[in-house]
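Quick notes on the structure that follows.
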Amino acid sequence: MTESVTSAPPADTRAGKPFLEVKDLQVHFPTDDGMVRAVNGLNFTLERGKTLGIVGESGSGKSVSSLAIMGLHKGSKAKVTGEIWLDGAELVGMSVPEMRALRGQQVAMIFQDPLSAMHPFFRVGDQLTEAFLVHNDAPKAVAKKRAIELLDRVGIPSPDKRFFDYPHQFSGGMRQRAMIAMALMCDPSLLIADEPTTALDVTVQAQILDLMKDLQKEFNSAIILITHDLGVVAKMTENVVVMYGGRVVESGNVRDIFYRPEMPYTWGLLGSIPRVNRSGDGRLKSIRGTPPSLINLPKGCPFQPRCDYQEHVEGANCSTELPELLQIGQEQHRVRCHIKSEERRQLFTEQIKPSL
Amino acid sequence: MGRYLIRRLIQAVFVLVVISAITFFLFWATPANPALLICGKNCNAETVAQVNATYGFDKPLVVQYGQYMQGLVSPGGRTIGSEGNERNCPWPCFGESYQNGIPVWNSIKDAFPATLWLALGAAVLWLVAGVMLGLIAALRKGKFIDKLSVGLALFGVSFPTIVFGYLLLYLFIVKLNWIPFPDTANAALFSVGPVKWLQFYILPWITLALVFAALYTRITRANMIDTMNEDYIRTARAKGLDERTVVFKHGLRSALTPIVTIFGLDVGGLLGGAVITEQIFSITGLGKFSIDSVLSNDLPAIMGVVLFAAIFVVLANIVVDVLYAVIDPRVRLA
Amino acid sequence: MSTTTSAEQTGKEVAGGELLLETRGLQRYFPVTQGIIFQKQTGAVKAVDGVDLSLHAGETLGVVGESGCGKTTTGRLVTRLDEPTAGSISFLGSDISHLSRAKMRPFRREIQMIFQDPFSSLNPRQTVGTIIGAPYDIQKVKTETGTKKAVQTLMERVGLNPEHYNRYPHEFSGGQRQRIGVARALALRPKLIVCDEPVSALDVSIQAQIVNLLEDLQEEFGLAYLFIAHDLSVIRHISDRVAVMYLGKVVETADRDELYNHARHPYTHALLSAVPEADPDAEDARERIRLTGDVPSPLNPPSGCRFRTRCWKAQEICAAEEPPLMQIGAPGHQSACHFPEERDVV
Ligand SMILES: Nc1ncnc2c1ncn2[C@@H]1O[C@H](COP(=O)(O)OP(=O)(O)OP(=O)(O)O)[C@@H](O)[C@H]1O
Ligand SMILES: Nc1ncnc2c1ncn2[C@@H]1O[C@H](COP(=O)(O)OP(=O)(O)OP(=O)(O)O)[C@@H](O)[C@H]1O
Ligand code: SF4
Ligand code: SF4
Ligand SMILES: [Mg+2]
Ligand SMILES: [Mg+2]
């Protein structure tokens with residue numbers, strides 16, 4: 001689907017390159033207690049029209065990474081290194097004014113909490129038109145028309161009236177939809193949705209997810225979907241990145257991750273969810289221990305202090321050597337673990353799968 | 001909104017009546033016999049009785065209060081003085097001074113402009129200085145300029161007004177002679193001309209504004225830092241807005257909202273008189289008037305000033321609430 | 001409303017089974033007023049409007065429903081943090097609906113609450129020891145071994161390090177903070193704990209830890225839970241019985257598996273079909289009920305059946321007559337719909 005963007009100037013250098021490529025992204029925060037290593041070498045790619053899910057424990061660096069793609073760490077204390085290539089442009093080294101021109105226009109973000117992400121003093125409609133007018137030299141009426149059209153698209157009833165409402169006059173679900181409309185004002189080619197539905201009940205959640213899918217089809221945009229909810233991932237995404245301690249520990253297409261996971265943390269994640277279609281007696285499996293401190297990350301595998309499968313490792317030391325993120329098979333399935341792939345597969349089919 | 005305002009105004013009148021009743025009964029129930037206060041050293045039974053008759057002290061307290069309120073409410077004012085010596089005290093009648101027999105309202109009217117100029121000028125000064133310093137400090141948090149303004153604010157808050165005022169007075173008037181010694185005790189803008197007027201007020205303004213400016217610096221800084229960490233500021237940046245719009249349109253708007261409230265109440269409070277500053281610079285405003293009244297036990301004058309000041313405080317409250325609702329759409333006036 | 005069968009119906013072992021809590025026609029209207037001095041009531045938010053629930057010792061009743069349907073309010077009424085405008089709450093046979101603070105005191109020991117937000121429900125300026133020990137002080141309970149010892153035993157029981165007695169809440173992670181809330185609720189050995197979305201703010205593996213902890217404690221102390229959540233998978237896992245609420249009313253209630261497998265109410269169908277499953281193939285294959293129509297306001301609920309503005313099966317009778325909760329299907333299964341039918345959704 002990259003044909004539609006060949007108008008980008010140096011088209012030849014773009015050939016064959018993915019639409020979005022994050023290479024070895026690191027985000028560190030200096031704090032009084034020490035350096036918080038929130039993201040340590042994140043890699044992934046994403047094409048237009050596709051959805052990438054990022055899952056992982058709370059504090060594993062999901063939001064911090066997406067803020068880095070938006071360039072929202074610029075001007076703060078955070079140290080960002082690595083490369084982020086979006087449609088031929090490198091974002092990490094980009095100046096703030098250049099980045100500003102992309103924000104909202106090319107890359108837009110739906111934030112984790114819709115209740116606090118809208119300005120309480122401005123009308124919903126004005127917040128939407130503002131997003132349009134920064135990037136388009138158009139009369140206000142055009143912006144207003146577009147805003148009303150999008151509010152309608154996201155399912156706000158009588159949008160021409162609700163345009164004049166303030167955010168507090170919207171319910172939680174409506175605010176979330178308004179946020180989505182705001183993010184779509186300039187037809188962004190990349191949309192980052194950070195826990196877009198965590199605060200919502202299931203019926204509203206279903207509506208919003210359906211809407212995002214419809215809009216993606218229509219605008220051929222790429223979506224990064226961040227969530228704790230593996231059900232949402234299963235429903236929405238083609239590819240998944242599993243993060244742990246600021247690193248990718250497993251990535252691949254959604255079926256690899258759900259049906260053929262090979263990393264013990266992913267196993268733990270899949271094992272700990274209760275299933276709605278099964279009467280669940282007995283205990284949920286939780287991952288023992290607590291998430292690593294990002295100030296003193298373990299030297300070896302980040303999951304080592306909580307991993308129950310270290311005895312299956314041969315010829316490496318989980319607590320001192322960091323396993324590499326290696327591709328297995330032909331497909332883009334990558335796993336970071338010292339256990340041999342065949343053995344992992346066997347472990348999964350024999351021990352994990354039956355109890356999922 | 002209209003109905004809200006009407007209700008608030010009715011409420012305000014109610015509050016003022018309560019305040020007047022409380023102050024009236026407090027002052028008049030003081031053990032000191034007011035008649036003795038008036039005739040002073042040459043009191044004897046006869047003069048006391050005469051004074052009592054003149055001022056109506058022989059009547060029950062409630063009746064006296066009723067008469068007092070009549071003077072404030074009825075458009076014709078009321079009649080005061082003993083039989084044979086009756087005179088009209090025109091509306092609004094706060095009674096006559098025990099000191100010199102002048103209707104209290106006249107004195108208040110004379111003293112008010114000075115207080116008004118003092119308060120308004122200082123208010124503009126502290127608002128601009130406080131908000132600017134606070135804003136700069138917040139945006140440069142942790143940098144030198146931030147530490148400087150935080151230090152200045154601490155200094156301003158803790159420096160006693162009276163010392164600061166006399167210091168300014170000594171430095172600029174006595175020592176450096178940059179400003180001529182204030183000769184008119186009550187400089188009206190149009191009679192003395194703007195230059196003299198400014199010269200007269202500039203030091204009082206600075207004196208009065210210091211503490212407030214310091215407070216406002218702190219409040220603005222704290223609010224602004226909180227606001228700039230809000231999620232909606234991040235949203236604004238994510239839209240691609242430039243930093244100026246983010247700070248001034250999205251940030252300052254929220255950060256200043258609480259300041260509007262405090263500002264209204266502060267100014268409202270000061271319109272009843274800025275006692276210390278007026279005293280230092282011998283400004284014959286309400287503050288000085290009330291000090292003089294207290295020192296001379298001039299009950300009607302004290303009552304008058306208290307009530308007059310209360311009116312501003314009550315009005316300021318209403319203005320502030322309305323303004324707040326105008327700024328913050330979440331606040332509904334009902 | 002007969003629920004005596006619940007114990008046999010579920011696979012779970014249910015202790016004792018004595019009737020612990022029963023509400024009848026529970027109602028809470030929040031007046032909407034105008035005026036400051038002279039207030040005039042102009043309407044009422046009918047947050048809870050005629051809710052009948054019953055809960056037996058050692059049992060878990062799950063409560064699900066849309067945001068704003070009155071789940072939290074029901075929980076607050078049951079714990080008597082709030083007073084009902086009508087209806088009755090009886091706890092172990094005594095009517096506690098309108099008891100005064102003082103008379104309520106002995107019951108407070110028996111009924112505790114765990115709150116949704118582990119971040120804001122703990123006072124940041126108090127140590128963990130003080131927080132967990134507070135119920136002892138409030139109830140003036142003397143423990144045999146001293147409060148500190150008792151608190152440390154509790155901390156150990158919920159999986160916190162007793163040495164962290166003097167730490168402050170911000171030094172704990174979300175999951176640990178929720179454990180503090182659990183320990184506080186457990187301090188006085190209550191019979192009933194109302195859990196208001198205790199795991200919604202937590203990620204899945206921590207959620208699993210807390211759910212397990214709650215289940216262990218239930219077994220150990222014979223606790224009953226009123227478990228409020230919007231995650232239907234968690235509800236299915238932890239509950240013995242489930243009540244589905246819509247706009248201040250219970251629209252369907254049944255034993256857990258009966259409800260998930262043989263739901264009769266269209267709203268329950270919509271809810272169940274909306275739960276995303278952690279299984280990509282199943283997700284692709286699934287048919288989902290998309291709700292359209294206006295979400296009604298609790299200020300002015302629709303006539304007749306409250307779900308009719310969004311119900312695809314609504315007929316004229318639905319606007320005219322309110323469907324009562326009626327026994328249908330397995331014992332203990334009640335549904336409030338004029339046209340109750342089964343449908344395959346999960
Ligand atoms: N400005 C900051 N300064 C210091 N540390 C930070 C900062 N922002 C985030 N962190 C830390 O970085 C880590 C990753 O945070 P992030 O918000 O990306 O987590 P997350 O994966 O999005 O978690 P959640 O699922 O809870 O949203 C956390 O430990 C957090 O405390
Ligand atoms: N103190 C109150 N005053 C007025 N209305 C209230 C009050 N508390 C709750 N309500 C209203 O009562 C209704 C039910 O609220 P409640 O908090 O019980 O919902 P809930 O089911 O817990 O929703 P959620 O899933 O969002 O927590 C809502 O419409 C709410 O706005
Ligand atoms: S590398 Fe070692 S510690 Fe890490 S997941 Fe694999 S087996 Fe476990
Ligand atoms: S009673 Fe009618 S409107 Fe209500 S749920 Fe049943 S079919 Fe739908
Ligand atoms: Mg996050
Ligand atoms: Mg609730």
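Heavy-atom pairs under 4.5 Å with chain B were tallied for F122(A), F111(A), Y166(A); the largest tally goes to F111(A). By number of non-hydrogen pairs under 4.5 angstrom with chain B, the leading residue of Q169(A), Q105(A), M182(A) is M182(A). In terms of heavy-atom pairs under 4.5 Å with chain B, the best-connected choice from G104(A), P120(A), P167(A) is P120(A). Among the candidates M70(A), M185(A), E130(A), the residue making the largest number of heavy-atom pairs closer than 4.5 Å to chain B is E130(A).
Contact between Q176(A) and T197(A) at its shortest, heavy atoms only, is NE2-N, 4.4 Å. Nearest heavy atom pair, residue A38(A) against residue F29(A), reads CB-CE1, 3.8 Å.
Looking at A108(A), there are no atoms closer than 4.5 Å to chain B (heavy atoms on both sides), in backbone or side chain. Of the atoms belonging to I327(B), heavy atoms from both backbone and side chain fall under 4.5 Å from chain A. Of the atoms belonging to Q127(A), heavy atoms from both backbone and side chain fall under 4.5 Å from chain B.
With K62(A) contributing its side chain and I54(A) its backbone, the two residues share no donor-acceptor pair below 3.5 Å. With K74(A) contributing its side chain and V92(A) its backbone, the two residues share a donor-acceptor pair below 3.5 Å.
Classification of R330(B) and D328(B) as a salt-bridged pair holds, one side-chain N sitting under 4.0 Å from a carboxylate O. We find that R146(A) and D187(A) are joined by a salt bridge, their nearest charged nitrogen and carboxylate oxygen being less than 4.0 Å apart.
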